[in-house]
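Have a look at the structure below, then the notes.
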Amino acid sequence: MATYLLKTLLKALVVVLGVSLLVFVLTRSIGNPVNTMLPLGASTAERARLTHQLGLDKPLLAQLGDYVAGVAQGNFGESWWQQESALTVALRPLPFTIELSGIALVLSLVFAIPLGILSALKPRSLLDKVASTSSMLGICVPNFWLGLMLILIFSNLLHWFPTSGTGGWQYWVLPSVTLAVLPLGRITQIVRTAMLEQLRELYIVTARSKGLPEFWVVTRHALKNAGVQIVTMSGWELGRMIAGYTIAIEAVFGLPGIGSLIVDAIGQQDFPLIQAITFVIAICIVFLNILIDLSYPLFNPRVKFK
Amino acid sequence: MIKAPNLREDVSPLLSVQDLKTYFRKEEGGSVKAVDGVSLHIRKKEILGVVGESGSGKSITALSILRLFPSPPGYIAGGDILFENQSLLAKTQKEMRLIRGKDISMVFQEPMSSLNPAYTVGYQIRENIQLHQNVTKKEALDHAVDMLRLVGIASPEKRVHDYPFQMSGGMRQRVMVAMALSCQPKLLIADEPTTALDVTIQAQILRLILETREKVGSAIMLITHDLGVVAEVCERVVVMYSGKVLEVAYVNDLFNHPAHPYTQGLLQAIPRLDDTRDRLSIIPGSIPNPANLPEGCRFYPRCQYAEERCQTEQPPLVSPKPSQWVSCWRVAGEKEMDSDAIAATAAKAPLNV
């Protein structure tokens with residue numbers, strides 16, 4: 001187990017470094033930030049001074065050296081746009097994003113698991129058809145459009161929930177519902193497929209032959225074996241939401257999430273901030289994947305960490 | 001090998017399957033007649049062999065008794081199943097659950113896949129015990145250990161915490177037997193319990209089932225396609241073919257005087273040590289497709305004695321002599337039974353064997 005963790009952490013380090021390197025190269029190729037930061041009529045001298053100030057006049061390798069040296073000390077430099085530590089700016093929307101994504105994931109699981117199980121129990125029944133169609137719909141509907149429609153109906157017409165912003169629980173409802181629709185669709189389909197697979201297994205007949213109630217057979221026997229697939233898919237969906245899939249929803253509902261921060265940082269060509277955000281997201285994703293890996297033995301005792 | 005016990009005084013049937021029809025609905029319409037009018041019975045503590053090739057309806061008959069065949073598409077199209085004189089088909093799902101695993105339990109053909117890979121064997125045995133007996137978790141686990149010891153698993157108090165993947169096929173089948181017998185069922189249905197195992201393990205498992213049965217006192221319905229096994233352990237045999245019972249007899253009668261051409265063919269196909277033939281005899285052809293059954297006798301297309309009548313009329317089960325029942329026009333015709341007499345015996349068959 002200790003060896004496994006050590007190996008995994010080393011691999012994670014490689015992944016995070018790789019991502020950082022890639023982002024470093026990509027930022028340098030999206031254009032010159034000096035153009036964005038100075039007014040149109042700025043003189044050549046002013047431009048040269050800013051370029052020097054930002055360290056962009058150094059050779060690319062030297063810039064990379066500075067960057068790596070900084071990251072090694074946990075220093076991503078100062079955000080050009082926000083005038084404060086890039087890491088601090090990058091971390092600020094993270095709790096909100098994680099909370100919103102978490103609520104959305106729980107919401108989708110609460111519906112996806114029973115729906116997927118019921119569909120698998122009665123394949124090709126009316127319920128199964130309705131569930132399949134609506135989960136396909138959930139996958140296909142653009143979430144910004146869905147968000148707007150929900151605002152139109154539940155805020156403007158019914159006045160049940162606020163249109164945008166943050167605050168009490170009412171503010172969470174529409175964004176998390178909007179966000180939950182896609183994972184709900186995908187996880188329902190995964191649960192259905194995984195359960196169909198398990199319910200065909202012979203050990204299910206054995207469980208029934210013992211006189212177990214059908215609810216036990218399905219939840220204790222089949223669902224546990226389907227767990228690996230469901231957890232993997234759920235973790236993947238959560239990772240995607242944290243990595244900025246929330247952008248459109250943040251825009252629609254006016255929320256301070258990590259998605260809108262990325263967009264702004266790119267718009268401002270704020271290299272240190274872009275690098276800090278991607279670093280933070282990469283750490284989150286890697287950590288999430290380790291958690292998923294560690295959960296596998298709960299469902300499959302054959303999984304051993306070496 | 002353990003010798004089959006002698007006939008007992010008490011001959012009232014424990015289980016009686018009467019003209020059972022289990023069909024499977026096809027999507028394109030119509031039905032596949034997997035079990036088509038099967039009658040058989042098992043007495044208390046009796047070992048009944050059910051033989052037949054793949055597709056003869058043996059397993060579906062067994063699953064029908066526990067009402068565990070896939071449904072839909074499967075459904076009972078007719079007949080009845082009486083267990084201790086109560087119809088199992090009339091029971092509610094809840095009542096059925098109280099019978100499964102307690103009064104009637106089952107061991108399956110594939111030990112590798114019939115245990116849940118995600119739970120320890122101890123948990124899986126304990127589950128059965130706790131479900132049917134009012135015991136604590138600890139008591140149930142102790143009982144599970146005892147059962148594992150009974151089926152000959154070394155250091156059971158350790159093995160009880162093993163997962164199925166940590167055991168060999170033979171050991172898993174022992175676990176299945178331990179689980180099936182943990183609540184002292186009145187009937188154990190063993191569906192080809194040794195088919196998937198090595199020959200040496202086969203004998204062990206078979207002996208184990210019989211020994212454990214002696215201690216627990218269950219009747220056994222042993223489904224197999226191995227006539228050698230039948231000869232060694234069973235008291236009576238039911239020969240099935242294409243969803244029908246072709247012959248029912250005591251083991252000695254069946255092996256010495258097989259009455260049905262199919263049974264005769266099966267026995268001739270067994271290789272013998274003193275055989276001087278170069279090739280084994282075979283029954284030409286193959287079992288009919290259940291979706292497209294012959295109109296008359298199911299065995300007619302492969303039968304060397306087939307007559308015109310066999311092609312159009314299904315032969316009834318008749319009794320040429322006490323305790324032997326045969327479904328063949330050669331036998332029915334010989335006795336020159338009129339149709340009323342045939343109907344009368346068929347209605348009783350084979351309960352009064």
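No experiment lies behind these values; they were computed from the predicted model shown. Chain identifiers are assigned alphabetically (A, B, ...) following the order of the sequence lines, protein sequences preceding nucleic acid strands; residue numbering begins at 1 within each chain.
A salt bridge between B:Glu157 and B:Arg149 is present, with a side-chain N of the basic residue lying under 4.0 Å from a carboxylate O of the acidic one.
Panel note: side chain A:Thr178, backbone A:Asn143; no donor-acceptor pair is recorded below 3.5 Å. Judged by distance alone, with hydrogens and angles left aside, the side-chain atoms of B:His161 form no donor-acceptor pair with the main-chain N or O of B:Val121 at under 3.5 Å. Distance alone, capped at 3.5 Å, places no donor-acceptor pair between the B:Lys58 side chain and the B:Leu222 backbone.
Interface remark: B:Leu63 contributes side-chain atoms only to the contact with chain A (heavy atom separation under 4.5 Å). For chain A, no part of B:Gln166 is nearby; none of its heavy atoms comes within less than 4.5 Å. In this structure, the portions of A:Leu212 lying under 4.5 Å from any heavy atom of chain B include both its backbone and its side chain. Of the two parts of B:Met176, only the side chain, counted from C-beta on, holds a non-hydrogen atom closer than 4.5 Å to a non-hydrogen atom of chain A. At a 4.5 Å heavy-atom cutoff, B:Phe69 makes no contact with chain A through either its backbone or its side chain. For A:Arg200, no part sits under 4.5 Å from any heavy atom of chain B, backbone or side chain.
Separating the CD1 atom in A:Ile190 from the OG atom in A:Ser135 is a distance of 11.0 Å, to the nearest 0.5 Å.
The residue from A:Thr193, A:Val218, A:Asn225 that alone fulfils the side-chain contact (heavy atoms from CB on, under 4.5 Å) condition with A:Gln198 is A:Asn225.
Top candidate by heavy-atom pairs under 4.5 Å with chain A, chosen from B:Leu115, B:Leu131, B:Leu66, is B:Leu131.
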